[in-house]
Amino acid sequence: MSDPTVADTRRLNSKPQDLTDAYGPPSNFLEIDVYDPQTIGVGRNRFTTYEVRMQTNLPIFKLKDSVVRRRYSDFEWLKNELERDSKIVVPPLPGKALKRQLPFRGDEGIFEDSFIEERRVGLEQFINRLAGHPLAQNERCLHMFLQDESIDRNYIPGKV
Amino acid sequence: MSFFSFGQSAEIDIVLKDAETRKRVEHKTEDGKKDKYFLLYDGETVSGNVNVTLKNPGKRLEHQGIKMEFIGQIELYYDRGNHHEFVSLVKDLARPGELTQSQAFDFEFTHVEKPYESYTGQNVKLRYFLRATVSRRLNDISKEMDIVVHTLSTYPELNSSIKMEVGIEDCLHIEFEYNKSKYHLKDVIVGKIYFLLVRLKIRHMEIDIIKRETTGTGPNVYHENDTIAKYEIMDGAPVRGESIPIRLFLAGYEMTPTMRDINKKYSVRYYLNLVLIDEEERRYFKQQEITLWRKGDIVKKSMSHQAAIASQRFKGSSSAEKALAQAQAKEQ
């Protein structure tokens, strides 16, 4: 017999949580590491690649654990593909550092250790932010970037 | 006012009958300040008197008539020139003549219809006021007194809960439930959010109350959104099977009843916005309209209860107690 002048604020009935759901691993595990920078080549044709390792339990990704090697221009390619094909706001990449590529510098330019580390951190943040986006996960270019051995620039853009 | 330093002028003062006992409520003015005004309801008689006080006691005041008006009007801020009057009543207080001394005039508008609630919004204003005018050849003397009208409702017969399953395919599925679809202004929103599938990294969840004021018609419709409240209901990452309770007390927020298409000029509607924010500041939301209504403060006892009280005066106490208990049981 509840008092009609005082509102009933009792919680609504809900199913008790299943213990396997409560204590099981969460189904949103997604971690991407960008590490092990290696500078390949000599002289003017040098470039740096990074190892990109993805571990996940999201069913949308074919492989639960994948490792690939990517360079900065591959990240740029991915950004451009997504900006063109999807409606999402793509997070920013670390800078292109054009000034560092000019001649007559005192240091190693873009192959300077501190710069490579700065770039590595920026690329890791970029790819983690992007891969977690539900709309980006639908794009084939993202899956190809993360899980295919090499990027086929002549691929047909589309959704997964 | 009069440009001539000689000649007579007067001050007008409008006094409502039972001004001491009548309730006053706070109402926002256009510039955001809050003032207190007398509160009236639909159907109530508006009566009182007007005091015309001569400024120069010796001189006489010639006039073309004294009248009292009760006006209800809608003012759209972008179209100030056109006031839309939906209530307009006039009572003549004095025929053209002259006043030799300060005088008081009684007025009464019986059972005045006040169909809409007073509202001061972002782009529109609905107000009721009394205006006393002493007409003169060159310039009138007038005085306006604003009053506030509240529209009251009773508990709706049909008040179903809102229950829905929404989400992003294969990514986030939730079921949300709110205990009612119509809430009064001092009510409590009781609800829950049940997580069916969580493949996102959620950081927290909040519920917002949004007020949407719509003015204009056809191609010139303009919506003004205002977030009245933001209330965090969950901090941290949920997993499948978790149920998050909602308990949001409306009395703490300044809101009006839902107003639909008032005189075909404007609407004020309220929405509950459920917002989930993930680790990367991405926001996912679901908006749902609710109806707000104003409950009367006056507690009306039921007829059977009143009859039971009356019988207490004439019969013995035990039978009166039984009658009261029966009346109370019927009310539940």
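Chain letters run A, B, ... following the sequence lines, proteins first and then strands; every chain starts at 1. Every value quoted in this text rests on a predicted model; they were computed, and no experiment measured them.
- For B/Arg247, the part sitting under 4.5 Å from any heavy atom of chain A is the side chain, from C-beta outward, and nothing else.
- The line from NZ of B/Lys201 to CG of A/Asn128 is 7.0 Å long, rounded to the nearest 0.5 Å.
- Between A/Pro59 and B/Asp170 the shortest side-chain heavy-atom distance falls below 4.5 Å.
- Note that the CD atom of A/Gln137 and the SG atom of B/Cys171 stand 5.5 Å from one another [nearest 0.5 Å].
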Trace of the side-chain contact (heavy atoms from CB on, under 4.5 Å) decision for A/Asp21 with B/Val239 | CA-CA 7 Å; A/Asp21 285 341; B/Val239 291; 5.5 Å; no
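- The two residues A/Leu12 and B/Lys192 make their nearest non-hydrogen contact at CD1-N, 4.0 Å.
- Counting non-hydrogen atoms of other residues, nucleotides and ligands closer than 6.0 Å to OH of A/Tyr23 gives a total of 12 or fewer.
- Per-residue heavy-atom pair counts under 4.5 Å with chain B were compared for A/Pro16, A/Gly132, A/Ser27, A/Ser14, and the maximum is reached by A/Ser27.
- More than 12 heavy atoms of other residues, nucleotides or ligands lie within 6.0 Å of CG in A/Asp65, so this atom counts as buried by the packing criterion.
- Other residues, nucleotides and ligands contribute at most 12 non-hydrogen atoms within 6.0 Å of the CD atom of A/Glu149.
- Summarising the local packing, CD of B/Glu232 is surrounded by more than 12 heavy atoms from other residues, nucleotides or ligands at distances under 6.0 Å.
- What you find for A/Pro134 and B/Arg282 is that their closest heavy atoms are CD-NE, 4.4 Å.
- Residue A/Asp152 places its CG atom among more than 12 non-hydrogen atoms of other residues, nucleotides or ligands, all under 6.0 Å distant.
- Within 6.0 Å of atom CZ in A/Arg69, more than 12 heavy atoms from other residues, nucleotides or ligands are found, so the atom counts as buried in its surroundings.
- With a 4.5 Å cut-off on side-chain heavy atoms, B/Glu280 and A/His133 do not count as touching.
- At distances below 3.5 Å, at least one donor-acceptor pair connects side-chain atoms of A/Asn28 with backbone N or O atoms of B/Leu200.
- Both the backbone and the side chain of B/Glu177 have a heavy atom closer than 4.5 Å to some heavy atom of chain A.
- Between B/Val190 and A/Asp8, every side-chain heavy-atom pair lies at or beyond the 4.5 Å cut-off.
- Around NZ of B/Lys23, the count of heavy atoms belonging to other residues, nucleotides or ligands within 6.0 Å does not exceed 12.
- Here A/Gln17 contributes atom CD and B/Phe195 contributes atom CZ; the two are 11.0 Å apart, rounded to the nearest 0.5 Å.
- Residue A/Tyr155 qualifies as enclosed at atom OH: its count of foreign heavy atoms under 6.0 Å is above 12.
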